[in-house]
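Okay, so here's the structure we're looking at.
A, B, ... follow the sequence lines: proteins, then strands. Residue 1 opens every chain.
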Amino acid sequence: MFERLSVMLMKEFLELRRDRWAMFRLIAPLLIQMLVFGYAATFTVHHVATAILDLDQSQASRSLVSHFVATSRFDVVDVAKNQADITRDIEEDKAVIAIVIHAGFARDLENGRSAPLQVIVDGTNSNTALIALGYISQIVAQFSADQASRAFSPRVGTVPPEIGISLQTRPWFNEGLDDRWFFIPGVIGTLTLLQVVSLTAFAIVREREVGTLEQIMVSPIRPFEFILGKTVPFFLIGLGDIALVSTFGILWFHVPFIGSAWVMLLGASLFLLAALGMGLLLSTFSRTQQQAFALNFFFVNPFFILSGFAFPIAAMPKLLQWFTLVNPLRYFLVVIRAVFLKGVGIAVLWPQLAALAVLALAMLTLSVLRFRKSLD
Amino acid sequence: MTAEVNDVAIRAQGLSKSFGAVQAVRAAEFTVSRGEIFGLVGPDGAGKTTIMRMLAGVLRPDAGGILVDGVDVGAEAERAKLRLSYMPQRFGLYEDLTVAENIFFYGELFSVPRKERLARSTELLDAAGMSPFRRRLAGQLSGGMKQKLGLVCALIHTPQVLLLDEPTTGVDPVSRRDFWAILYNLRESGVTILLSTAYMDEAERCSRLALLHGGQIRYCDTPARLKQAMPGALFAIASPTPRALRTAVAGQPGVLGVLLMGDRVHVRVDDPARRLPELRDLLAGLGVPDGAILATEPGIEDVFVALLGQEAPT
Ligand SMILES: Nc1ncnc2c1ncn2[C@@H]1O[C@H](COP(=O)(O)OP(=O)(O)OP(=O)(O)O)[C@@H](O)[C@H]1O
Ligand SMILES: [Mg+2]
């Protein structure tokens, strides 16, 4: 058995080595996607085009305006003279957000009444708008804190730390943390899943399609020896992927890696086994590489969306929440984020690791059984 | 009893296989003796490949039993695989591995000891005239060489029974002759060969033939006896316009079949003594001289068409 497995592995690596572009195809898409995700997939918004209309023209209102001018989150593109200017700015897309300080703002503040502030938002990009609104509440809260401290003490107080008073407008966003830190580990898991599932599925379907599977099955090789021979290389490639992309994330994006590499290795291994099982399963449902491609596309996307990568699982309908229970990515994301950012170990992560182990076992068993059937 | 079992290389009994609604093979029965070259002939979709895949143990029959070299393929596929070898219709070796690497790979899969593998591969490559191409990628070989490489890989573990599915389709005539030379040598050394072929000249070289149609074995005998079994007698008519001639002759009384063979037309008639004068009259009217009509021995293609009632796949 070992000689058949080892010659199978030898063959796989020979083929891989023969394929001049293999290394490039394995690594380049990962790094490029990592860069794209690292820069693009972020909830932080900068330079939101903002118009301001100050109808109060008091010291207090000017102070509030200066708060907006001071932060790089907002670019004040227009200091408007009247309501019509504001309307035009929004309609002509000059500004995404308009802030209107009504007359009597300072007076209301003095009297301790709540001073209304009108914020007009271009809702066509609801994401940016929501995030910007969050910042506005932060700034306003900061401002009122300043005002309050001024009211209590005549001296100008030092600026208190911003985080302490931020409003919880985005519960999924780990406040105070660079959200790139939150994304990069997720990207590592997601990209690895994509790559390993498709590589495995394609490699096996290819053998079926070009006819080499038929020829090899005439030899005394057993189906599980063939499967091992096909999957072990992708397991190693997957581990290499994770190591490479993690290193890249740590060095390039300065994501901290607080936890233990061993916990990471354990989690990654279980996760990869589950991914290999998925790829193998897909391959048993496809006769041609084209079918495998379509299936891959059909399956991997939901796994990605229903993983908690970007959309909180708790906010999903119950049915979808149940589905996430069989999604290995869901568990691995928890593991990888926790290992990277929190540095927790097996004591905390064992439920996720156990779930990954169960999923890996189930998918591999199922796919091996189906693979035997699909040989006919 | 023992003697009989030892002489039988392949025995198929009541072999059946359906794919959905398609009955690819129906109750096929045949026995191949040791040292035979047994041919499966039949039109496209007749079930040749399906039979071979079942014999090779890669496809499970719906019903029926198979004995290869005394081993029950259904019960002990793994053991049977060590004694037989199957070369699929489609080239199944790794195109991005070299000739030598493919041979090494299959040698290892069959656990052929290193020394034996080296000796055997040298011998086989020499016989196939492929020694200079050891380092060439399999994907860069010509069609004929690919088939020879397939044969070398199939023979690396010295099987007793060799199953070849249309091994020479798409191979040039010279390579086909080489290929057959290897097959004859193998038979000399006691290997039993079962092959399917679309070439009638190859069918003629087989010791016995099974004529397959619609998944059923219609006839199974030596080429000579199959020819005797052909009803009627045959005339060959040479003509510069064979197609026109075929049209003219077809449907005449007593004419059982007309077959175009290059620049001749083969006409099968029920009663030669009676039909020859009739044919002569008919042809005189078309300007064909008497001397162009000759009684002839049937080739296997004539038999094929006569027995299966349809054009042979060439
Ligand atoms: N895996 C399969 N799934 C479905 N139908 C099949 C399968 N294999 C064969 N068939 C069908 O079974 C019948 C017999 O096919 P088979 O390949 O055995 O014919 P063949 O004699 O080898 O033909 P050819 O000369 O074209 O190779 C055909 O109708 C074919 O379509
Ligand atoms: Mg066939």
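Each of A/Met217, A/Glu214, A/Met10, A/Glu207 has some count of heavy-atom pairs under 4.5 Å with chain B, and the biggest count is that of A/Glu214. Ranked by non-hydrogen atom pairs under 4.5 Å with chain B, the options A/Leu14, A/Asp19, A/Ile221 are led by A/Leu14. Taking B/Phe91, B/Phe104, B/Tyr106, B/Tyr94 one by one and counting their heavy-atom pairs under 4.5 Å with chain A, the maximum is reached by B/Tyr94.
Counting only heavy atoms from C-beta outward, the side chains of B/Val41 and B/Leu212 never approach each other to under 4.5 Å. At least one side-chain heavy atom of A/Met34 sits less than 4.5 Å from a side-chain heavy atom of A/Ile184.
Residues of residues 76-86 of chain B placed with any heavy atom under 4.5 Å of a heavy atom in chain A are listed by number as B/Glu78, B/Lys81, B/Leu82, B/Leu84, B/Tyr86.
Using modelled atom types, one finds no donor on one side chain facing an acceptor on the other under 3.5 Å when comparing A/Ser307 with A/Arg330. In summary, the side chains of B/Ser175 and B/Gln147 do not present any donor paired with an acceptor at a separation below 3.5 Å, with no hydrogens or angles considered. No donor-acceptor contact under 3.5 angstrom links the side chains of B/Glu166 and B/Thr197, judged on distance only.
A/Ile216 touches chain B through backbone and side chain together, each having a heavy atom under 4.5 Å away. Of the atoms belonging to B/Glu95, not a single heavy atom falls under 4.5 Å from chain A. A/Val210 touches chain B through its backbone: at least one of N, CA, C or O sits under 4.5 Å from a heavy atom, while the side chain does not. If you measure heavy-atom distances from B/Thr98 to chain A, the contacts under 4.5 Å come from both the backbone and the side chain.
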Open item on the list: As a quick check of understanding, evaluate salt bridge (Lys or Arg N to Asp or Glu O under 4.0 Å) for B/Asp62 and B/Lys17, giving each step before the final call.
Closed with: CA-CA 5 Å; B/Asp62 294 340; B/Lys17 180 77 192 177; 3.5 Å; yes
**Asked** Yes or no on side-chain hydrogen bond (donor to acceptor under 3.5 Å, both in side chains) for B/Gln89 and B/Thr49, after CA distance, side-chain angles and deciding distance?
**Response** CA-CA 7 Å; B/Gln89 191 165 3; B/Thr49 300; 2.8 Å; yes
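Between B/Arg90 and B/Asp165 there is no salt bridge, since no side-chain N of the basic residue sits under 4.0 Å from a carboxylate O of the acidic one.
Judged by the 6.0 Å distance and 45° axis criteria, B/Arg208 is not positioned over the aromatic ring of B/Phe30.
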